[in-house]
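Here the structure comes first, spelled out in structure tokens, and everything after it is commentary.
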Amino acid sequence: MPESFVEKYGWMQYIGKDMGSRTGEPITEKDVRHYALGIDDPNPIYFDEAAAKKSKYGAMVATPGYLFFATQNASIEERVKDLTETGFARGSFLGIPEFPGTWDRGWVRGGDDFDFIKRARVGDSVTVSWKIANIVEKQGKTGSIVIVTSDHVYKNQDGELLANHRLTMLGLPIPEEES
């Protein structure tokens, strides 16, 4: 039986441990508009301050899914230069832990489960903290598959809970290049 990838690098010790936090720059109207355009959401509360003030939120708010991006401080250009061979940026806070052997795997997103509590508003600074909920290793046809589940908590600068997010990432063996 092949050696366990998770055991080889001692990953089980990280389950349940705080993996840190990240706070993004304050959300701007431009950020909200760009994101809404990107997801093709024409709701006026993302484009028109007067319409947003008349809404149940009383101010311009971000779309629920924007929270993930609200915690990213680096520009797109800065993140692209740090991409690995598998397409993820090191330290990109995607729920991929920076453990020994992390980048010996090819990572794909296995699923997301969000519980949105409160909308982030223009001017908010969002902080996300996270921990590893579980790590499972299974044998597949091409080798071991590592399943990392992490729990992320998003709060605004006043400590108000905005969302809970459970993220599942799959670490797959990277095929050997043929010579």
Report task. Decide ring-ring contact (aromatic ring centres under 6.0 Å, His included) for Phe99 and Tyr9; before the verdict, give the C-alpha distance in whole Å, the side-chain angles of both, and the deciding distance to 0.1 Å. Result -> CA-CA 8 Å; Phe99 302 155; Tyr9 290 109; over 10 Å; no
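With hydrogens and angles disregarded, a donor-acceptor distance shorter than 3.5 Å links the side chain of Trp107 to the backbone of Thr102. Side chain of Glu137 to main chain of Val146: no donor-acceptor pair is present (N/O by atom type, distance under 3.5 Å, no hydrogens or angles). Although no hydrogens or angles enter the test, the distance criterion places a donor-acceptor pair under 3.5 Å between the side chain of Gln13 and the main chain of Gly10. Judged by distance alone, the side chain of Arg22 and the main-chain N or O of Thr127 form no donor-acceptor pair under 3.5 Å. Counting only distance, with no hydrogens or angles, the side chain of Asp18 and the backbone of Gly20 share a donor-acceptor pair below 3.5 Å. Between the side chain of Asp124 and the backbone N or O of Val126 there is no donor-acceptor pair closer than 3.5 Å. The backbone N or O of Arg166 lies less than 3.5 Å from no partner atom in the side chain of Trp130, so there is not a single donor-acceptor pair.
Annotation: the span from Ser150 atom OG to Ile15 atom CD1 amounts to 12.0 Å, rounded to 0.5 Å. The CG atom of Asp41 sits 7.0 Å away from atom OG1 of Thr63, with the distance rounded to the nearest 0.5 Å.
The aromatic rings of His165 and Phe114 sit parallel to each other, their planes meeting at less than 30°, with 60° as the upper class boundary.
In summary, Asp151 and Lys131 do not engage in a salt bridge, as defined by a charged side-chain N under 4.0 Å from a carboxylate O.
Figure legend: cation-pi geometry between Arg109 and Phe68, with NZ or CZ positioned under 6.0 Å from the six-membered ring centre and within 45° of its axis. Under the 6.0 Å distance and 45° angle rule, Arg105 counts as a cation-pi partner of Phe5.
Test Phe47, Phe69, Tyr46 against Tyr35 for ring pair (Phe, Tyr, Trp, His ring centres under 6.0 Å) and you get one pass: Phe69.
Taking both residues in full, the closest heavy atoms of Ile174 and Gly106 are given as CG1-N, 3.4 Å, listed atom of the first, atom of the second, then distance.
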